[in-house]
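Read the structure below first, then the notes.
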Amino acid sequence: MKNNNLLLISFFLLTISFLSARESVDFPEEYIVRPGDVFTIQIISLQTQDILVPVTVTGHLTLYPITSPIKVAGHSLKDVQGMVTSEIRRFFPNAKINVDLYSIIPYSVHIFGAVTKPGEYVVDTLMTLYQSLQLAGDLSPAASKRIKITRNEQIKIYDLNRYFALGDLSENPLVFSDDLIRVDFANEFAKLYVVTDSVNYVEYFEMETEKQVAELLPLIKKKYSHSDYEKIFLRRDGILKQVEHNYYIRAGDNIYLHPEESFIYVRGNVARPSKFTYYPGKNPEYYISLSGGVSRTGSQRRIFIVSKDGDKTRYRGQEINEGDSIIIPLATRTWLTDYLTPISAIISMTATIIVLTR
C-alpha cells in the first residue's frame with residue numbers, strides 16, 4: 001500500500017483500537033479470524049511499507065515476496081498478530097512491525113427467547129450485546145436482564161442492569177460470529193407502573209432477591225427522567241401505600257411512579273387544544289398531531305412558541321422545552337374572511353343608502 005493511504009489506515013486502526021478498548025478488553029483474544037477479514041500491516045524500517053491484505057478463502061495471509069503464506073483463519077486475533085509479526089521479523093529483524101485488523105467480513109448473530117423479533121441477523125461491523133438486541137426489536141417487557149451468550153460451546157451470562165445503572169462496560173461485550181444470544185423470561189419480578197393522565201407505562205424488574213427502592217431508582221431514572229421520585233407507591237396483597245427509598249421490594253409487588261408536572265400545551269386553532277406529556281427532542285408537529293391536527297381555520301405554515309416565562313417566538317426549528325405552549329394562529333385566509341367580509345358588507349350598505357337618498 002502506498003504511503004498516501006497511511007492516514008486512512010491510521011484512522012481505521014484508531015477506530016478499531018478504541019472500540020476494542022472501550023467495549024471489551026478481551027477482544028484480541030476472543031475474536032477469531034475468518035476468510036474475508038482484511039489486515040493492515042506496517043513495517044517501519046529504513047523504507048516503511050504499508051500493506052493491506054485480505055485473508056484468502058483458504059484462510060491464509062499472502063505476503064509474497066516478504067514471506068510464504070501464513071495460515072491465520074481459525075486463530076484468535078492476538079495469536080495472528082504474534083504469528084505474523086514473528087514471521088516478518090525473520091526478514092526484517094530491526095523493523096518495528098504493526099499488525100492489526102482493518103475490516104471484517106459480515107457475520108451472523110443468532111438471537112432467541114424473550115425478544116420482539118428472534119432470529120438470525122447478519123452484520124458487517126462489530127456490535128455490542130445491547131446493539132445486537134436492538135436488531136431483534138429489543139427485549140420483551142418481562143425479559144430477564146441476565147443475558148446468556150453461547151460461544152464455542154461455553155455459556156457466559158451478562159447483566160444488562162449493571163450496564164444500564166452503573167455503566168459497567170464489561171456487561172455489554174462485543175458479540176462475534178455465530179454467537180448464540182439467549183434471552184430468558186424473568187421467573188420472579190416486580191412491576192413498575194408510570195402513571196400519566198391517559199396511560200400506564202409498565203416496566204418489569206427481575207427480583208431474585210428483595211431489593212430496596214433506592215437500588216431500582218438508577219434504572220428507573222434512565223428511562224423516566226421526568227418523575228417525582230419522592231412519591232413512590234407500592235401495592236402488595238391488595239394494599240396500596242406510599243413507601244420510602246429504604247423500603248424493600250419483592251417479587252409480585254406493583255410499584256407506582258407518578259410523573260412530575262412536565263407538559264407541553266397546544267393551543268389555538270387545533271382540533272382538541274390540551275396538554276401532553278413532554279418528551280425531549282420531539283418537535284411541534286408531534287404534539288399537534290396528538291391534539292388532532294390543525295383545524296380548518298388554523299395556519300398550516302405558522303407556529304408560535306410561548307415559553308413558561310411568556311416569551312413568544314415563531315418556531316424555526318428551535319428546541320421545545322417542558323412547559324412551552326405551542327400556538328397555532330388563524331390562517332391568513334380565515335382572517336380575511338372574518339374581517340374583510342363584514343367591512344365589505346358595510347361599504348355596500350353605505351353605498352346603497354347614498355344612492356337611495358339622492
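Starting from 1, each residue takes its place in the sequence as its number. The basis for the numbers below is simple: all heavy atoms, side chains too, and nothing from hydrogens, waters or symmetry mates. Note that the structure is predicted; figures quoted are calculated from it, not measured.
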Any chance you could measure [X], atom [atom1], to [Y], atom [atom2], to the nearest 0.5 Å?
X: Asp50; Y: Ile44; atom1: CG; atom2: CD1; answer: 8.0 Å
X: Asp168; Y: Asn161; atom1: CG; atom2: CG; answer: 11.5 Å
X: Arg182; Y: Thr150; atom1: CZ; atom2: OG1; answer: 8.5 Å
X: Ile328; Y: Gln300; atom1: CD1; atom2: CD; answer: 8.5 Å
X: Ser295; Y: Leu330; atom1: OG; atom2: CG; answer: 8.0 Å
X: Glu203; Y: Leu216; atom1: CD; atom2: CG; answer: 10.5 Å

| request: Using only heavy-atom distances, determine whether the side chains of Thr62 and His60 contain a donor-acceptor pair under 3.5 Å. | output: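 Thr62 vs His60: no donor-acceptor pair found between side chains.
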| What pairs meet the salt bridge (Lys or Arg N to Asp or Glu O under 4.0 Å) rule with one or both residues in residues 82-94, with sequence neighbours excluded? |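 Matches after skipping sequence neighbours: Glu87-Arg90.
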Without swapping roles, check the side chain of [X] against the backbone of [Y] for a donor-acceptor pair under 3.5 Å.
X: Glu188; Y: Met207; result: no
X: Asn152; Y: Gln154; result: no
X: Asn172; Y: Leu169; result: no
X: Asp79; Y: Gly82; result: no
X: Thr128; Y: Gln131; result: yes
X: Gln212; Y: Asn246; result: yes
X: Thr67; Y: Leu63; result: no
X: Ser289; Y: Gly293; result: no
X: Ser140; Y: Ala142; result: no
X: Ser299; Y: Ala331; result: no

Contact between [X] and [Y] at the side-chain level, heavy atoms closer than 4.5 Å - yes or no?
X: Pro273; Y: Val266; result: no
X: Val38; Y: Leu52; result: yes
X: Asp179; Y: His110; result: no
X: Leu139; Y: Val183; result: yes
X: Val306; Y: Thr313; result: no
X: Lys241; Y: Phe233; result: no
X: Val202; Y: Leu192; result: no
X: Asn187; Y: Glu208; result: no

| task | State plainly whether one hydrophobic cluster holds both Ile303 and Leu290, where clusters connect Ile, Leu, Val, Met, Phe, Trp and Tyr through side-chain heavy atoms under 4.5 angstrom apart. | result |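 Shared cluster, yes.
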| Can you get from Val72 to Ile32 by hopping between Ile, Leu, Val, Met, Phe, Trp and Tyr side chains that sit under 4.5 Å apart? |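 No, separate clusters.
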For [X], which residues count as a ring-ring contact (aromatic ring centres under 6.0 Å, His included) partner, sequence neighbours excluded?
X: Phe164; value: Tyr130
X: Tyr158; value: none
X: Tyr247; value: none
X: Phe39; value: none

Cationic N near anionic O, under 4.0 Å, [X] to [Y]:
X: Lys148; Y: Asp184; result: yes
X: Glu30; Y: Arg151; result: yes
X: Lys78; Y: Glu29; result: yes

| Arg235 and Asp253: side-chain contact (heavy atoms from CB on, under 4.5 Å), yes or no, with the steps? | CA-CA 6 Å; Arg235 185 182 296 277; Asp253 287 346; over 6 Å; no
| message | In this structure, is the centre-to-centre distance between the rings of Phe189 and Phe205 below 6.0 Å? | response |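 Distance test on ring centres: not under 6.0 Å, no.
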| task | Compute the centroid of each ring, for Phe176 and then for Tyr31, and state whether the two points are separated by less than 6.0 Å. | result |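 Distance test on ring centres: under 6.0 Å, yes.
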Counting only heavy atoms not in [X] (residues, nucleotides, ligands), do more than 12 fall under 6.0 Å from its [atom1]?
X: Leu240; atom1: CG; result: yes
X: Gln318; atom1: CD; result: yes
X: Lys96; atom1: NZ; result: no
X: Glu285; atom1: CD; result: yes

Testing the basics here: between [X] and [Y], what is the closest heavy-atom pair and its distance to 0.1 Å?
X: Val55; Y: Ala73; result: CG1-CB, 4.5 Å
X: Phe304; Y: Arg314; result: CD2-CA, 3.7 Å
X: Tyr102; Y: Thr40; result: CB-N, 4.0 Å
X: Pro118; Y: Gly113; result: CB-N, 4.5 Å
X: Pro329; Y: Arg302; result: CD-O, 3.3 Å
X: Arg236; Y: Ile249; result: NH2-CA, 4.0 Å

| task | Assess whether side-chain contact (heavy atoms from CB on, under 4.5 Å) is satisfied between Ile43 and Ile66, documenting all intermediate values. | result | CA-CA 11 Å; Ile43 304 172; Ile66 299 175; 3.8 Å; yes
| query | When you look at Ser307 and Asp324, which way does the side-chain hydrogen bond (donor to acceptor under 3.5 Å, both in side chains) test go after all the steps? | reply | CA-CA 5 Å; Ser307 69; Asp324 284 354; 5.2 Å; no
| task | Verify side-chain contact (heavy atoms from CB on, under 4.5 Å) between Ile264 and Ile320, making sure each step is shown before the conclusion. | result | CA-CA 9 Å; Ile264 291 291; Ile320 306 299; 3.6 Å; yes
| request: In sequence, state the C-alpha distance, the side-chain angles, and the governing distance for Asn254 and Leu234, and then conclude on side-chain contact (heavy atoms from CB on, under 4.5 Å). | output: CA-CA 6 Å; Asn254 290 341; Leu234 179 138; over 6 Å; no
| query | On the ring face of Phe263, is Lys275 found with NZ or CZ under 6.0 Å from the centre and within 45° of the axis? | reply |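 Lys275 over Phe263 ring: yes.
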| said: Taking ring pair (Phe, Tyr, Trp, His ring centres under 6.0 Å) as the cut-off, I'd like each qualifying pair that reaches into residues 64-101, sequence neighbours left out, listed once. | reply: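 For residues 64-101, and leaving out neighbouring residues, there are no ring pair (Phe, Tyr, Trp, His ring centres under 6.0 Å) pairs at all.
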| Knowing that exactly one of Ser291, Ser274, Ser325 qualifies, which makes a side-chain hydrogen bond (donor to acceptor under 3.5 Å, both in side chains) with Arg267? |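 Exactly one option meets the side-chain hydrogen bond (donor to acceptor under 3.5 Å, both in side chains) with Arg267, and it is Ser325.
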